[in-house]
Amino acid sequence: MKNDEMRAQLSAYLDGELGEAERRAVESALAASPELRAELEATRRTAELVRSLPRVSAPADLRPRVEAAIAGEAGASRPWLRTWRLVALAAAACLLIGLLTLLATRPDQPRTAARTVDALKSEARPAEPPAPTTAADKTPALPANELRGVRREKAEDNSELAMDAPRERPAKTGVKHAAASEKKIGVVAEGESRGGADVRQDLKPTEAKAAKPAAGWAVGKAGGAPARDADSVTEEAEKGDSAFYAAVQGGEARKLAGQTELLDRAFGANRRAADRAELLADIEQERQAAAPTFAPAVMPPAAPAATPAPEAGAARPVPGPTREVRLAYTDLAQCLADVRAALEEANLAYAVQPIGGGQFVVETTLPEPEAHALIARFAGNVEKQKEQAKREFGYTQEAPRAQAAKSAPARPVRLVLRFVRADAQDAGRASKAAERAAPPAEPK
Amino acid sequence: MSEVEQADELLVVQAQRGDAAAFGLLVERHQDALFNGIHRMVSQREDAEDLAQEAFVKAFRALGGFQGRSSFYTWLYSIAVNLVISHRRKTGSARHLNPLSFQGGSDDEGRGLDVADDVERPDHAAERREMKQQVERAIAQLEDEFRTVIVMRDIEGFDYQTIAEVLGCPAGTVKSRLHRARLALRDQMKDLVG
């Protein structure tokens with residue numbers, strides 16, 4: 001390599017950025033050339049002069065200025081945080097349902113952490129159901145607008161009749177949920193801010209996607225009770241693997257303790273004691289807040305019962321009336337797409353449950369006038385339904401919400417749409433007709 | 001990962017959760033280094049202060065997208081470098097030499113000088129002060145792209161690959177640019193370099 005080329009390598013050689021072969025070549029050239037060695041020395045001296053410059057300190061008010069600028073933007077200009085909070089809340093709810101259901105189906109496990117179980121017991125009763133049943137909530141419709149922007153998690157199912165997890169409304173202030181993930185436990189808490197910042201732990205996007213819908217979705221029969229009520233789910237959760245909760249809780253506590261220790265070491269004595277103490281206090285507070293959070297915020301597997309506010313002391317909300325409608329389809333994929341489009345358009349929380357034989361059930365809860373509108377849409381008898389709705393509620397389909405707002409709040413109903421194959425329906429009708437026509441079998 | 005980077009990671013996680021206090025601590029941990037780096041690239045102190053503040057605010061806004069592929073400081077510094085480049089485009093080259101911007105004030109003087117030298121060997125302290133100013137002048141007179149790589153390598157200590165990633169150019173370009181930058185500096189500091 002010529003000297004000019006060698007000179008071009010000197011800086012990189014000095015900085016240790018040459019490969020093995022190049023380095024040896026430069027060293028050979030240096031050994032053979034005093035000029036090159038002088039050049040290297042001059043380059044080294046130049047770099048040292050720059051490195052010897054004293055560090056310029058930041059102005060004393062830089063941090064306050066940054067914090068003031070951030071405070072003005074907090075919560076408003078971090079859409080990623082706001083959006084992912086919603087996603088995380090919904091994913092946490094879905095994951096918790098799946099976890100509880102999974103645990104409930106396992107054989108009973110010995111309770112290995114009494115404290116955790118006690119914590120479960122003490123918070124076994126859900127603070128409130130996911131539906132808008134609090135006294136302060138006068139809105140009859142499901143607060144589906146709260147779920148706007150939340151992605152539904154679909155079951156990994158090759159079947160066309162994919163089971164969709166219900167979209168649940170996040171619980172109100174004061175209720176704490178715990179969501180388990182493969183990597184960590186997310187603590188989703190709402191409450192007053194601490195030190196000007198809310199403490200929320202969002203599931204990361206990848207973890208949110210991993211949330212599974214609830215398994216074993218109960219099929220509500222027309223007018224019948226759900227297969228499992230909130231109490232039985234709670235009890236089963238208690239009997240479940242409480243060691244899991246304990247381990248997770250312990251792990252979370254250890255993680256937070258480890259954080260404290262690490263920060264302690266990293267910060268050292270030179271840091272302002274107030275800042276350090278503040279951060280450690282925050283961590284400790286979070287650790288304490290994480291302790292009783294494994295209360296199963298029980299979501300009844302049935303569609304959320306949008307009922308009037310429960311009376312004081314009532315254990316569970318009373319489900320509203322149920323309307324079941326049987327509808328036939330010819331094209332399954334199209335039917336599913338239509339149903340989903342209609343429900344999404346109406347911003348409703350719903351669940352699709354296959355029940356075999358090409359049949360599936362769609363459950364949702366909504367105000368009665370809108371239920372009529374939906375039935376009309378699916379059944380194709382729009383005019384008939386319109387007339388009926390107008391008679392009963394005095395509203396037109398075009399402006400159901402406006403009319404509902406003007407009149408007394410329409411009661412919410414649980415709507416169960418049972419879809420069957422048209423040819424199966426025809427065959428069933430023919431079979432029933434044949435049975436009616438046939439003479440009764442003589443008793444033996 | 002060093003302990004410093006580990007502590008940064010924890011604070012970043014806290015800050016990503018919405019803990020503004022954690023981000024404040026990140027600012028405190030890195031404000032001096034960041035400001036120093038920016039000020040060496042942008043001669044005017046007021047501009048450097050504004051750019052440093054803007055870099056932190058931008059980092060806060062973008063924190064959700066930080067995935068820890070690099071250290072937090074490297075990521076923060078890349079934000080700062082882009083701001084400096086934009087600033088230069090708006091205001092023209094920063095080669096309007098103003099060595100006085102580095103003078104005066106205890107901030108600029110305190111760290112590099114030994115107080116004992118001031119008292120015992122005042123001529124030595126003066127000589128060092130003069131040398132410092134000469135080096136600063138030489139850096140300030142460099143072309144913008146040369147100044148950037150000199151600051152990133154010899155003041156911030158980034159390796160060539162990191163510099164290349166921050167600047168969005170190949171590592172070979174960094175190598176050649178740094179070589180030419182040092183040649184140019186040597187020309188400016190002949191009496192110091194020898």
Side-chain angles (χ1 to χ4, degrees), chain A residues 7-12 14-17 41-43 45-59 61-63 65-67 69-71 73-75 77-81 84-85 194-202 259 262-263 265-267 271-272 275-276 278-279 282-283, chain B residues 3-4 6-7 10-11 14 16-25 27-28 31-36 39-40 48-49 52-53 56-57 60-61 63-65 102 107-113 131-132 135-136 139 150-151 153-155 159-160 171 175-176 178-179 182 185-186 189 192-194:
Chain A
R7 284 193 186 92
Q9 301 277 55
L10 290 180
S11 273
L14 203 62
D15 294 334
E17 293 277 353
E41 189 50 37
T43 304
R45 177 72 180 142
T46 303
E48 280 173 359
L49 283 168
V50 176
R51 287 177 198 141
S52 71
L53 284 174
R55 292 229 161 220
V56 182
S57 297
D61 66 342
L62 179 58
R63 178 178 169 180
R65 282 161 58 179
V66 170
E67 286 175 335
I70 287 169
E73 299 184 5
S77 66
R78 287 185 296 162
W80 55 266
L81 186 58
W84 285 114
R85 277 179 187 149
R194 295 184 284 105
D198 290 336
V199 175
R200 289 187 178 87
Q201 181 172 349
D202 298 316
Q259 284 180 3
L262 195 58
L263 282 166
R265 286 208 310 269
F267 274 66
R271 286 300 175 191
R272 282 178 10 205
D275 288 336
R276 186 161 156 271
E278 186 184 342
L279 182 62
D282 282 354
I283 292 173
Chain B
E3 267 198 30
V4 169
Q6 273 184 321
L10 294 170
L11 288 171
Q14 293 278 70
Q16 283 174 332
R17 295 176 196 177
D19 188 344
F23 190 80
L25 290 169
V27 172
E28 179 152 336
Q31 61 180 357
D32 287 339
L34 187 74
F35 179 77
N36 183 64
H39 196 15
R40 294 297 177 196
E49 288 179 12
Q53 177 185 334
F56 279 116
V57 173
F60 179 77
R61 284 189 206 137
L63 204 57
F102 290 106
D107 283 346
D108 295 326
E109 300 286 345
R111 291 195 180 198
L113 291 178
M131 183 176 74
K132 177 180 85 82
V135 175
E136 286 169 349
I139 294 174
I150 283 284
V151 169
R153 174 62 209 172
D154 291 331
I155 292 179
D159 59 35
Y160 286 20
K175 181 169 137 183
S176 110
L178 193 57
H179 168 68
R182 283 173 174 161
L185 264 184
R186 265 170 55 189
M189 302 187 299
L192 292 178
V193 174

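Model, not experiment: these values are computed from the prediction. So you know, we letter chains A, B, ... as the sequences are listed, proteins then strands, and number each from 1.
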Q: Go through A:E41, A:R65, A:R7 and name the one with the most non-hydrogen pairs under 4.5 angstrom from chain B.
A: A:R65
Q.
Let's test your reading of the structure: which of B:M131, B:K175, B:R186 forms the most heavy-atom pairs below 4.5 Å with chain A?
A. B:R186
Q) When heavy-atom pairs shorter than 4.5 Å are enumerated against chain A, which of B:F35, B:Y160, B:F23 gives the highest number? A) B:Y160
Do [X] and [Y] have side-chain heavy atoms sitting under 4.5 Å apart?
X	Y	result
A:L62	B:F56	yes
B:E49	B:H39	no
A:L53	B:R40	yes

Q) Measuring heavy-atom distances to chain A, does B:I139 have an atom under 4.5 Å in its side chain, in its backbone, in both, or in neither? A) side chain
Q: Check each atom of B:A171 against the heavy atoms of chain A and say whether the ones under 4.5 Å are side chain, backbone, both or neither.
A: neither
**Q.** Donor-acceptor contact below 3.5 Å, side chain B:D154 vs main chain A:R51
**A.** no
Q) So, A:E17 side chain and B:D159 main chain: donor-acceptor pair closer than 3.5 Å or not? A) no
